[in-house]
Asker: 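Let me give you the structure first, and then I'll get to my questions.
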Amino acid sequence: MQIPLQITFRGIPHSDAVEAKIREKTDKLDRFYSHIMSCRVAVESEHQHHHQGNQYHIRIDITTPNKELVISKEHYDKQGHEDIYVAIRDAFNAATRQLEDYARVQRGDVKTHGSQSI
């Protein structure tokens, strides 16, 4: 990565353990796809669900030479993760899938549908 990793905590205090887990996951992404220029991770907590634990949401912004990928684990049914480590795992799994798809397109492994003659 050309620009150092940026980690932001919103609605929760900074945690060295959470930061270490994010750095570990980011290092794996960087080894998987070496053309990552920068990565920004936001860890957010919603305090609206008082009948349950805090809901955690992770947003990852990855910049590559030709594209910016945004991974946001916002759940449309408002079912966030109560376990911050599960939220991190799911967000980075989604980031890996998006990077895999992007790498396939960059290599030209994706089929293009030509015009069909009738």
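Numbers here are sequence positions counted from 1.
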Asker: Mind checking whether Val41 and Tyr85 sit in one hydrophobic cluster, side chains of I, L, V, M, F, W, Y counted as touching below 4.5 Å?
Answerer: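 Yes; tracing contacts between hydrophobic side chains, which count when under 4.5 Å, links both residues.
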Asker: Applying the 4.5 Å side-chain criterion to the ILVMFWY set and letting contacts propagate, would Ile88 and Val86 be lumped into a single cluster?
Answerer: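 Ile88 does not cluster with Val86.
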Asker: What is the minimum heavy-atom distance between Asp101 and Arg104, and which atoms define it?
Answerer: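 Reported closest heavy-atom pair: OD1-NH1, 2.7 Å.
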Asker: For Gly11 and Ser45, which heavy atoms make the closest approach, and how far apart are they?
Answerer: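 That closest heavy-atom pairing would be O-CB, 4.0 Å.
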Asker: Looking only at heavy atoms, which two atoms of Tyr56 and Asp83 are closest? And how far apart?
Answerer: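 For Tyr56 and Asp83, the tightest heavy-atom pair comes out as CD1-C, 4.2 Å.
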Asker: I would like to know whether Ile22 and Phe92 meet side-chain contact (heavy atoms from CB on, under 4.5 Å); could you show each step before the answer?
Answerer: CA-CA 9 Å; Ile22 290 170; Phe92 276 92; 4.1 Å; yes
Asker: Working to the nearest 0.5 Å, report the span between CD1 of Ile60 and NZ of Lys25.
Answerer: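 These two atoms lie 10.0 Å from each other.
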Asker: For Glu19, give me all partners under side-chain hydrogen bond (donor to acceptor under 3.5 Å, both in side chains), at least two apart in sequence or on another chain.
Answerer: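 With neighbours one apart ignored, the set is His14, Arg23.
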Asker: Listed by chain and number, what are the salt bridge (Lys or Arg N to Asp or Glu O under 4.0 Å) partners of Asp61, not counting sequence neighbours?
Answerer: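 Partners of Asp61 by the salt bridge (Lys or Arg N to Asp or Glu O under 4.0 Å) criterion, ordered by chain and then number, come out as Arg59.
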Asker: Are Gln98 and Val70 packed together at the side-chain level, in the sense that at least one heavy-atom pair is separated by less than 4.5 angstrom?
Answerer: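 The answer is no, as the side chains (C-beta and beyond) never meet within the 4.5 Å cut-off.
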Asker: What verdict does the side-chain contact (heavy atoms from CB on, under 4.5 Å) test give for Ile62 and Tyr33, after you've listed the backbone C-alpha separation in whole Å, the side-chain angles of each residue and the deciding distance to 0.1 Å?
Answerer: CA-CA 11 Å; Ile62 299 172; Tyr33 188 77; over 6 Å; no
Asker: Could you pull out the closest heavy-atom pair between Ala95 and Ile71, with the gap in Å?
Answerer: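 What the structure gives for the nearest pair is CA-CG1, 3.7 Å.
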Asker: Excluding sequence neighbours, so at least two apart, what forms side-chain contact (heavy atoms from CB on, under 4.5 Å) with Pro65?
Answerer: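 Once residues adjacent in sequence are excluded, the partners of Pro65 under the side-chain contact (heavy atoms from CB on, under 4.5 Å) criterion are His35, Met37.
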Asker: Any idea which heavy atoms bring Cys39 and Thr26 closest together, and the distance?
Answerer: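 So the minimum-distance heavy-atom pair works out to SG-CG2, 4.1 Å.
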Asker: Using salt bridge (Lys or Arg N to Asp or Glu O under 4.0 Å) as the criterion, list what pairs up with Lys21, not counting sequence neighbours.
Answerer: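 For Lys21, the residues satisfying salt bridge (Lys or Arg N to Asp or Glu O under 4.0 Å) (neighbours in sequence not counted) are Glu24.
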Asker: Indicate, with yes or no, if Phe32 and Leu69 share a hydrophobic cluster defined by side-chain heavy-atom contacts under 4.5 Å among Ile, Leu, Val, Met, Phe, Trp and Tyr.
Answerer: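 They do share one cluster, since a chain of ILVMFWY contacts under 4.5 Å joins Leu69 to Phe32.
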Asker: Any chance you could lay out the side-chain contact (heavy atoms from CB on, under 4.5 Å) test for Ile84 and Ile12, step after step, and finish with the verdict?
Answerer: CA-CA 11 Å; Ile84 195 166; Ile12 59 171; 3.8 Å; yes
Asker: Might you point out which heavy atoms bring Asn66 and Tyr102 nearest each other, and give the distance in Å?
Answerer: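 Heavy-atom minimum between the residues: CB-OH, 3.3 Å.
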Asker: Salt bridge (Lys or Arg N to Asp or Glu O under 4.0 Å) with Arg10: which residues, sequence neighbours excluded?
Answerer: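 Here the qualifying residues are Glu44.
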Asker: Any chance you could measure Ile36, atom CD1, to Leu99, atom CG, to the nearest 0.5 Å?
Answerer: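 These two atoms lie 5.0 Å from each other.
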Asker: According to side-chain contact (heavy atoms from CB on, under 4.5 Å), who are the partners of Ala20, at least two apart in sequence or on a separate chain?
Answerer: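 Ala20: no side-chain contact (heavy atoms from CB on, under 4.5 Å) contacts found.
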